[in-house]
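See structure below.
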Amino acid sequence: MAAKLINLVWGFSFFVDPFLSQSQELYFNGFQHSSNNISLNGAAEIQSNGILRLTNETTGLLGHAFYLSPIRLKNSTTGKSLSFSTNFAFAIVPDFWKRGGHGFAFAMAPSKELPGALPCQYLGLLNASDNENFTDHVFAVEFDTFRDLEFDDINDNHVGIDLNSLISNASVPAGYFTAANSTLHNLSLQSGKTILAWVDYDSVNNKLNVTISPSSTKPRKSTLSFNVNLSPYLDEFMYVGFSASTGWLASSHYLMGWSFKVGDEALSLDLSSLPSLRLPKKTNLSLILGLSMAATFVAIFVVSIPAYAIWKWKNRDVIEPWELDIGPQRFPYGELVKATTGFRDEDLLGFGGSGRVYKGFLPKSNTPVAIKRISHESKQGLREFMSEIASIGRLRHRNLVQLLGWSRRQDDLLLVYDFMPNGSLDKYLFGEPKKMNLSWYRRFNIIKGVASGLLYLHEEWEQTVIHRDIKAGNVLLDADFNCRLGDFGLSKLLKHGSNLSTTRVVGTMGYLAPELTKTGKPTTCADVFAFGALLLEVACGRRPIEPKAMPEDMILVDLVWDRWREGAILDVMDPKLMGEYDEMAAVVVLKLGLMCSVDAPLARPTMRQVVRYLEGEMDLPEISHTTGQIQCEERQRRW
Ligand SMILES: *[C@@H]1O[C@H](CO)[C@@H](O)[C@H](O)[C@H]1NC(C)=O
Ligand SMILES: *[C@@H]1O[C@H](CO)[C@@H](O)[C@H](O)[C@H]1NC(C)=O
Ligand SMILES: *[C@@H]1O[C@H](CO)[C@@H](O)[C@H](O)[C@H]1NC(C)=O
Ligand SMILES: *[C@@H]1O[C@H](CO)[C@@H](O)[C@H](O)[C@H]1NC(C)=O
Ligand SMILES: *[C@@H]1O[C@H](CO)[C@@H](O)[C@H](O)[C@H]1NC(C)=O
Ligand SMILES: *[C@@H]1O[C@H](CO)[C@@H](O)[C@H](O)[C@H]1NC(C)=O
Ligand SMILES: *[C@@H]1O[C@H](CO)[C@@H](O)[C@H](O)[C@H]1NC(C)=O
Ligand SMILES: *[C@@H]1O[C@H](CO)[C@@H](O)[C@H](O)[C@H]1NC(C)=O
Ligand SMILES: *[C@@H]1O[C@H](CO)[C@@H](O)[C@H](O)[C@H]1NC(C)=O
């Protein structure tokens, strides 16, 4: 005990006997004396004040900090994972302009460098090819500050449990309970304040609890409790530590202390004795901007209250538009439950950005349909939500997935769409297992279809609809491989349930226009940018960003610029096409992809121009070689 106390004063104590699993314990009260014991990798560093910084506010970073030696996590005779307990103090400080991302994770991994792991949404843990692979043996508890639709993230401030995949097996909004019967108090992970987190695993009852709190006392009730036997996910010996990353959006991720123990409860940390974070004062410019933004919000708010009151008054006792015979039909809820045989997992087609999608058959007509199930959080937005659905239901175009109807029971909202037997485009371009290869003829038709659907949304309907999440995963294919764009309008609709976060960025990395990360305001130009990414993706058969693929990040648009400058633009074409494509059309698609991907929003073509170029009604303008040069340099500066 005396030895332990002395070590505590030094900020470290470790009794290790790799063959006696009961006595593995780590304790860092600040990290000032631990540079020999912690392996740092990427951007991670121990600062002179004893705080471990996993990343700074530079874009595209990752940082790892793992305990130097692997720790025994399984009983060698039984192969059963052992109980463990850990607590740590962290703070996430978002960059003012880059708005904060992507978060960090407590992790157990087979190596302490995690070679091949990517920053951005992958949190420095996995990459696009090994995500969801059962052989990874990566266990993580994520503290995620970006909503990545690709991984079905619930919001941009959540705690999740990740087993070999960044699609969390369980996740909840970040918060804590003050008493067993209290409601969840929201806690912003990226407030810059120090937060304590506990992760406790009980291998007898197979229970994993995650708890967070802004104070040193551990709340009685945990934030997230998950029943899981970790034995199949863990190796006998694993490295234990932390991983954080930044993308286009960036935060500094800090750790002030860490305690870990196998087989028993870890020593607790005391916030008051940990090194404290002194944040640099924000510049006056930021302050002025912050204040003027706040003032604008107040002004908008003041103006909108009377407007809202008038709107309310006008709308009293009016028959709601969706109840009229026009627009989509309301289905009885029970009928849709029957259609999907009770939302069984076997009928799950996929996870959209806004909910789960099931396959079903309408009972009367036996027509196959896709049913999207959305859990709507706030009652007050529901009416608006419904009237927007009525208007989306009136959107009709051969390249849009048709909304057939809807249904609701309490907060459970169901949307019924045409069923698309051939699934989504991304499965054909990159899917595992490989689906059939798409011929150039089909690819070009799909591109023209998406362009035409998008033109309709932007310009041809009675009001402008911004899609906001154009990507291969939202391009669906019918039986004849005609494309239909899905998921439009909904991300806008979903906002009605949430609070004032209208400027939060929602979307998928690689398709997000650069101006979006600054203004957060969706525009048709941002849709055109995403469409440009899609064009290049379809022609080249590669994702818009393949981080650390080359050994640098592979940014598809830069690669195409390079080849074009070298006069060998067709070198980038998808090898799976085996040279069988129309060269003229391929050049149009690639050049158009470049034009849509320029950084200046107004320099991008409109969808009407895009359609004309694709149909051959108009010749592409010359694009100058220097445009590409400037583009690349700017992008490199940003990364
Ligand atoms: C851990 O750090 C302490 C304090 O600096 C040092 O005495 C000890 O040797 C280190 N242990 C290892 C395994 O490096
Ligand atoms: C952030 O960390 C990276 C990697 O360690 C480093 O190259 C960069 O200069 C740092 N940036 C700042 C602003 O400290
Ligand atoms: C491993 O399991 C066996 C059988 O249950 C038990 O006797 C032994 O004490 C365990 N060893 C450790 C290190 O937990
Ligand atoms: C993904 O990570 C694995 C290791 O986990 C590595 O072997 C593989 O090369 C990486 N893939 C890419 C594309 O970087
Ligand atoms: C999982 O990873 C292993 C080894 O890296 C590889 O052999 C296997 O093909 C991968 N499985 C899938 C489904 O990607
Ligand atoms: C976690 O999710 C993956 C799919 O993402 C699934 O294969 C696995 O069985 C889940 N594990 C648990 C314990 O729920
Ligand atoms: C919670 O429980 C405590 C004791 O069981 C009780 O005193 C308190 O009133 C309860 N609070 C609420 C909000 O129900
Ligand atoms: C907590 O956040 C959720 C959304 O993440 C919101 O619905 C809820 O109203 C918030 N609760 C409080 C008490 O602010
Ligand atoms: C996890 O939480 C549950 C209920 O909140 C509790 O009964 C259990 O003892 C906790 N387990 C651990 C290991 O903390």
Side-chain angles (χ1 to χ4, degrees), residues 41-42 60 62 64 66 81-87 105 107-141 159 161-167 170 172 175-182 184 196-213 217-230 232-233 235 238-239 243 245 259-266 268 427 430-435 510 541-556:
N41 179 234
L62 56 77
H64 295 139
F66 280 86
S81 55
L82 302 170
S83 297
F84 63 82
S85 150
T86 184
N87 62 84
M108 294 182 166
S111 92
K112 49 186 189 272
E113 287 85 23
L114 292 160
L118 300 177
C120 303
Q121 68 268 42
Y122 295 98
L123 296 178
L125 291 170
L126 293 169
N127 61 35
S129 51
D130 67 2
N131 194 29
E132 292 188 82
N133 189 331
F134 197 75
T135 60
D136 293 338
H137 294 288
V138 171
F139 160 73
V141 178
V159 178
I161 292 168
D162 298 351
L163 300 167
N164 297 329
S165 166
L166 285 146
I167 302 174
V172 288
Y176 62 100
F177 299 94
T178 43
N181 57 3
S182 86
L184 189 78
L196 265 181
W198 293 261
V199 176
D200 299 293
Y201 175 59
D202 173 352
S203 72
V204 176
N205 299 309
N206 289 331
K207 191 139 199 117
L208 181 69
N209 291 347
V210 183
T211 314
I212 56 174
S213 165
T217 6
K218 182 175 178 181
R220 281 281 212 30
K221 185 173 169 188
S222 46
T223 304
L224 173 57
S225 193
F226 183 56
N227 289 321
V228 59
N229 175 5
L230 287 179
Y233 298 96
D235 288 334
M238 290 186 96
Y239 291 92
S243 175
S245 71
S259 166
F260 177 88
K261 188 164 185 177
V262 174
D264 200 359
E265 193 163 342
S268 34
K427 302 265 166 20
F430 328 103
E432 284 293 341
K434 286 270 174 298
K435 285 206 181 183
R542 306 182 71 163
R543 292 186 190 274
I545 301 180
E546 290 174 3
K548 302 279 185 280
M550 289 215 306
E552 303 252 297
D553 295 348
M554 193 283 302
I555 297 179
L556 187 55

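On a predicted model such as this, the values are computed, not experimentally measured, just so you know. Each ligand, and each atom within it, is numbered from 1 in the order the structure gives.
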Ring geometry between F84 and F139 (parallel below 30°, tilted from 30 to 60°, perpendicular above 60°):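 Plane angle over 60°, so perpendicular.
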Those atoms of ligand 9 less than 4.0 Å from some heavy atom in D202: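 The atoms of ligand 9 under 4.0 Å from a heavy atom of D202 are 13 (C).
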Atoms of ligand 9, numbered as shown, that sit under 4.0 Å from any heavy atom of D200: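 So the answer, numbered in order with elements, is 13 (C), 14 (O).
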Nearest-neighbour protein heavy atom for atom 8 (C) of ligand 9, which is reported as residue plus atom name and distance: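 Result for atom 8 (C) of ligand 9: N209 ND2, 3.7 Å.
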For [Y], is there any backbone N or O sitting under 3.5 Å from a side-chain donor or acceptor partner on [X]?
X    : Y    : answer
S259 : N87  : no
S243 : H64  : no
T223 : G175 : yes
S165 : N131 : no
D162 : V141 : no

Part of P115 within contact of ligand 4 (heavy atoms, under 4.0 Å):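 Near ligand 4, P115 shows its backbone, while the atoms from C-beta on stay back.
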Exercise check, heavy-atom protein proximity under 4.0 Å to atom 4 (C) of ligand 9: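 Under the 4.0 Å cut-off, atom 4 (C) of ligand 9 has no protein heavy-atom neighbours at all.
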Protein non-hydrogen atom below 4.0 angstrom of atom 14 (O) of ligand 9 present: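 It does: a protein heavy atom is found less than 4.0 Å away from atom 14 (O) of ligand 9.
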Ligand 4 atoms in contact with D130 (distance to a heavy atom under 4.0 Å):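 So the answer, numbered in order with elements, is 1 (C), 2 (O), 3 (C), 4 (C), 5 (O).
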N or O contact, N133 vs ligand 5, cut-off under 3.5 Å: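 Among all N and O atoms of N133, at least one is under 3.5 Å from an N or O of ligand 5.
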